[in-house]
Amino acid sequence: MSLLVVGSVALDGIETPFGKVDKTIGGSGTYISFSSSYFAPKVNLVAIVGYDFPKEALAMLNQHGIDTSGVQIKEDRKSFFWKGKYYHDMNSRDTLVTELNVLADFDPIIPEKYQDCEYLMLGNLAPKTQQTVINRLRKRPKLIMMDTMNFWISTALEDLLQTLQMVDILSINDEEARQLSAEYSLLKAAKKILTMGPKYLIIKKGEHGALLFHKDQIFFTPALPLEDVFDPTGAGDTFAGGFIGYLAQTEDISFENMKRAVVYASAMASFCVGKFGTEGLIGLSQEAILNRVREFVDLVQFEIVMA
Ligand code: AMP
């Protein structure tokens, strides 16, 4: 089943205690596409880049089976640029630079051949742009998932609240859930957010795992304990890509299957953080992914005899 991904395709500057890069390829659309390409039968990407975006990076996406004919290239403008800095606690970061550049007036054009998508993943982008994508699809996809971030909660809350009414699943991190709901308790935050539109909510807690909420049901999975986390950039997007990619592959959007999707999503995120930028997501084998998933199963499975 085909998956349409819309998100930022960017140049990122990243600084962590383990290294620094001035410009590497990144963006929500990039991480989501790479991650979902291991599952979804077809991944189509709608995005925008400028003259400075390396053509080899688009070729790399194509090598992963991702259709990039929906990526607009503006020859007279610069690509979206984001720069972040992490400290030893990799669960939080400072955003040092956000230069919207081409993203400032991104008009998402959906190629005709992408119109029949059954799954839609709206990566971190201006909420108005996310709405435009939904409105431009002639048929509502079977499942619409979206991500957002503190930047949009602070600068475009009204638009964001409207977009939330149009989607099935929202995926955000704990800090964003607290900001959006004005509740500190994540359970209270989830309850509130589930009244804002989405029927399902995923709250990512970095190295502390992820929670999936639906009505009064909750599912939790830890993050895989890793000796070395080099760069958490894109982990949330990678998680989202693995999650919706798995649903598209299995064509099952039940809550039970979403639990499995959360485990696959967490496995993909563990590949992302183990290397710099998108490097950890390039050229993975199905065997490597399955082994990671097995590690998760071993980590959390236990038997208990209830008296
Ligand atoms: P994550 O670590 O999952 O939150 O995603 C990091 C990615 O999000 C980076 O590759 C950035 O290029 C991208 N990003 C950061 N800020 C924004 C924004 N305001 N809009 C769209 N994408 C962004």
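What you see below is based on every heavy atom in this structure, not just the backbone, and it leaves out hydrogens, waters and symmetry mates. Counting convention: from 1, in listed order, for ligands and their atoms alike.
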Checklist entry - Does a sphere of radius 6.0 Å around NZ in K83 hold more than 12 heavy atoms from other residues, nucleotides or ligands, not counting ones at 6.0 Å or beyond? => result no

Cationic N near anionic O, under 4.0 Å, [X] to [Y]:
{"X": "K42", "Y": "E118", "result": "no"}
{"X": "K113", "Y": "D67", "result": "yes"}
{"X": "D147", "Y": "K204", "result": "yes"}
{"X": "R178", "Y": "E175", "result": "no"}

Item to check | From the candidates N124, D147, D237, L11, the one that places a heavy atom nearest atom 21 (C) of ligand 1 | outcome: N124

Checklist outcome for this item: Check: of F81, W82, W152, min heavy-atom distance to atom 20 (N) of ligand 1 comes from W152

Would [X] count as a polar contact of ligand 1, with the cut-off being nitrogen or oxygen pairs under 3.5 Å?
{"X": "M149", "result": "no"}
{"X": "S8", "result": "yes"}
{"X": "G236", "result": "yes"}
{"X": "Y86", "result": "no"}
{"X": "D12", "result": "yes"}

Output the list of atoms in ligand 1 that are nearer than 4.0 Å to some heavy atom of [X], sorted by atom number.
{"X": "A10", "result": "12 (O)"}
{"X": "F151", "result": "19 (N)"}
{"X": "R93", "result": "1 (P), 2 (O), 4 (O)"}
{"X": "G27", "result": "9 (C), 10 (O), 12 (O)"}
{"X": "Y31", "result": "10 (O)"}
{"X": "G26", "result": "10 (O)"}

Checklist entry - Any idea which protein heavy atom is nearest atom 14 (N) of ligand 1, and the distance to it? => result F80 CE2, 3.8 Å

Next on the checklist: If I take atom CZ from residue F34 and atom CG from residue L281, how far apart are they, to the nearest 0.5 angstrom?
Outcome noted: 7.5 Å

Item to check | F239 heavy atom under 4.0 Å from ligand 1 | outcome: no

Checklist entry - Considering residues at least two apart in sequence or located in another chain, which fulfil the salt bridge (Lys or Arg N to Asp or Glu O under 4.0 Å) criterion with D76? => result none

Next on the checklist: Under the rule for salt bridge (Lys or Arg N to Asp or Glu O under 4.0 Å), what residues qualify as partners of D116, not counting sequence neighbours?
Outcome noted: none

Checklist entry - Parallel, tilted or perpendicular: which describes the rings of Y246 and Y264, with under 30° parallel and over 60° perpendicular? => result parallel

Next on the checklist: Classify the ring geometry of Y200 against F255: parallel below 30°, tilted from 30° to 60°, perpendicular beyond 60°.
Outcome noted: parallel

